[in-house]
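Shown next, in structure tokens, is the structure this report addresses.
Throughout, a chain's letter reflects where its sequence line sits, starting with A, and its residues are numbered from 1.
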Number of protein chains: 2
Amino acid sequence: MISPASYRTHPSPFESDLRSDGKRMTPQRKKVLSLFEEIGSGIHLSAEEVHSKLTSSGEKVSLATIYRTLRLLVKMTFLNELDLSEGGNRFELLSHDHPDHHHLICIRCGRTEEFENNNVINAGKAAAKNFGFKLLESSLNVRALCPKCSNK
Amino acid sequence: MISPASYRTHPSPFESDLRSDGKRMTPQRKKVLSLFEEIGSGIHLSAEEVHSKLTSSGEKVSLATIYRTLRLLVKMTFLNELDLSEGGNRFELLSHDHPDHHHLICIRCGRTEEFENNNVINAGKAAAKNFGFKLLESSLNVRALCPKCSNK
DNA sequence: TAGCGTAATGAGAACAGTTTGCAACGAGGG
DNA sequence: CCCTCGTTGCAAACTGTTCTCATTACGCTA
Ligand SMILES: [Mn+2]
Ligand SMILES: [Mn+2]
Ligand SMILES: [Zn+2]
Ligand SMILES: [Zn+2]
């Protein structure tokens, strides 16, 4: 049997990225990223929602730390920040399978669907090229009414 | 010679649209729309900018009225509201020649360029159709670095 | 053209989302 | 186990926008 001392916890990518930058792993940071990993991709949470999900499951994290951590996770490319308008920006796990998806939003009830479209990506690339800009990111937001909200 | 009383001022589309809705034409409303018409399309102003442009040319309009008027002009489809992120929403004259253009934004200096692309419009239509949503509007924001900002 | 009802304005308070300053805390290298 | 310095919590500050309410004035009517 292996003695306890010989366990060497494999540092997660998150932890090693932090370390290599002089930053520290904290329980708060772990909890925020874990929340997103547990709920999976395709979910778009506001800072307030992240906060209440954590506190209502007994965790103690301040809202300021949520904001600081979300910013950090975006910079580290673990999360993606969305500006869907209406009630604060939202954050989602950056899925490397669907890095460049776009959003269809019901402006009445907030229902949000995702879709991918290469033409959109190419349109962004083309526009940047035409003006000599260096492309960073392009996002298409489609505002609409969902079936439920449109017939009433 | 025609007597002053016989002049019948042709009401502008703005004025007649207002009237037919029980609303009133006011000097403030006239000034805000005129500002946009004078500077032309392709210019994206924040509420604060509209306010300071008017007050610095001697007009007296409150910021609250600017916000109310901008909202009204958007609803009346004289203006278009843009959510380019960073420093408040912006407004532009809704040009009926280029109703569906998109924006390329330098995230460093704020330089903004416009472009059109039918594939983007079609992508929005297709996404709405796929999910049974009723399309309202779709906007592609391309975040990038302009030539000046990218090489320094 | 004066009078009137009511829409619109100005000024500031309120608000929502987010950031920041600072003292206390604690991760983690030595 | 200690010390250092990055991180946290809390409250105050901030930014963009909306709201409240007393006052003004547009424009219909006589
Ligand atoms: Mn998404
Ligand atoms: Mn434009
Ligand atoms: Zn809906
Ligand atoms: Zn630039």
Of the listed nucleotides C:dT18, C:dT20, D:dT18, the one nearest the side chain of A:Arg71: C:dT20
Nearest whole angstrom, please: distance from the C1' of C:dG17 to the CG of A:Leu45. 16 Å
B:Glu116 atom CD, over 12 foreign heavy atoms within 6.0 Å: yes
For a quick check of understanding: with a heavy-atom distance under 4.0 Å over all strands, which category does A:Gln28 fall into, base, sugar-phosphate or nothing? sugar-phosphate
Atom CZ of B:Phe91 and atom P of D:dG16 are separated, to the nearest Å, by 13 Å
Given C:dT9, is OP1 or OP2 found less than 4.0 Å from the side-chain N or O atoms of B:Thr26? yes
For B:Leu63 and D:dT17, give me the distance from atom CG to atom C1', rounded to whole Å. 8 Å
Integer-rounded Å distance: D:dT7 C1' and A:Asp21 CG: 14 Å
Would you state whether a donor and an acceptor, one from the side chain of A:Arg68 and one from the base of D:dG9, lie under 3.5 Å apart? yes
Between A:His44 and A:Glu92, is any side-chain donor less than 3.5 angstrom from a side-chain acceptor? yes
When rounded to whole Å, the NZ to P distance for the pair B:Lys60 and C:dG10 reads 8 Å
side-chain N/O B:Thr65 vs C:dG10 OP1/OP2, d < 4.0 Å: yes
Under 3.5 Å, is there a donor-acceptor pair linking the side chains of A:Arg143 and B:Ser139? yes
When the distance from CD of A:Glu86 to P of D:dT18 is rounded to whole Å, what number comes out? 10 Å
Measure from the ring center of A:Phe14 to the ring center of A:Phe78 and say whether it is less than 6.0 Å. yes
Rounded to whole Å, NZ of A:Lys31 lies from P of D:dT8 at a distance of 10 Å
Taking CD1 from B:Ile66 and C1' from D:dT18, how many angstroms apart are they, rounded to a whole number? 15 Å
Under the salt bridge (charged side-chain N to carboxylate O under 4.0 Å, His left out) rule, what do A:Glu15 and A:Arg19 come out as? Steps first, then yes or no, please. CA-CA 6 Å; A:Glu15 186 156 359; A:Arg19 291 269 168 78; 2.7 Å; yes
So what does A:Arg90 touch, heavy atoms closer than 4.0 Å: a base, only the sugar-phosphate, or nothing? nothing
Of the nucleotides D:dG27, C:dG10, D:dT7, which one has an atom closest to the side chain of A:Lys23? D:dT7
Can you tell me which nucleotide in D:dT8, C:dT9, C:dT19 comes closest to the side chain of A:Tyr67? C:dT19
The residue, B:Ser46 or A:Val61, whose nearest nucleotide of DNA chain D is more 5′ is A:Val61
A:Arg24 has a side chain; which of D:dT18, C:dG28, D:dC26 sits nearest to it? C:dG28
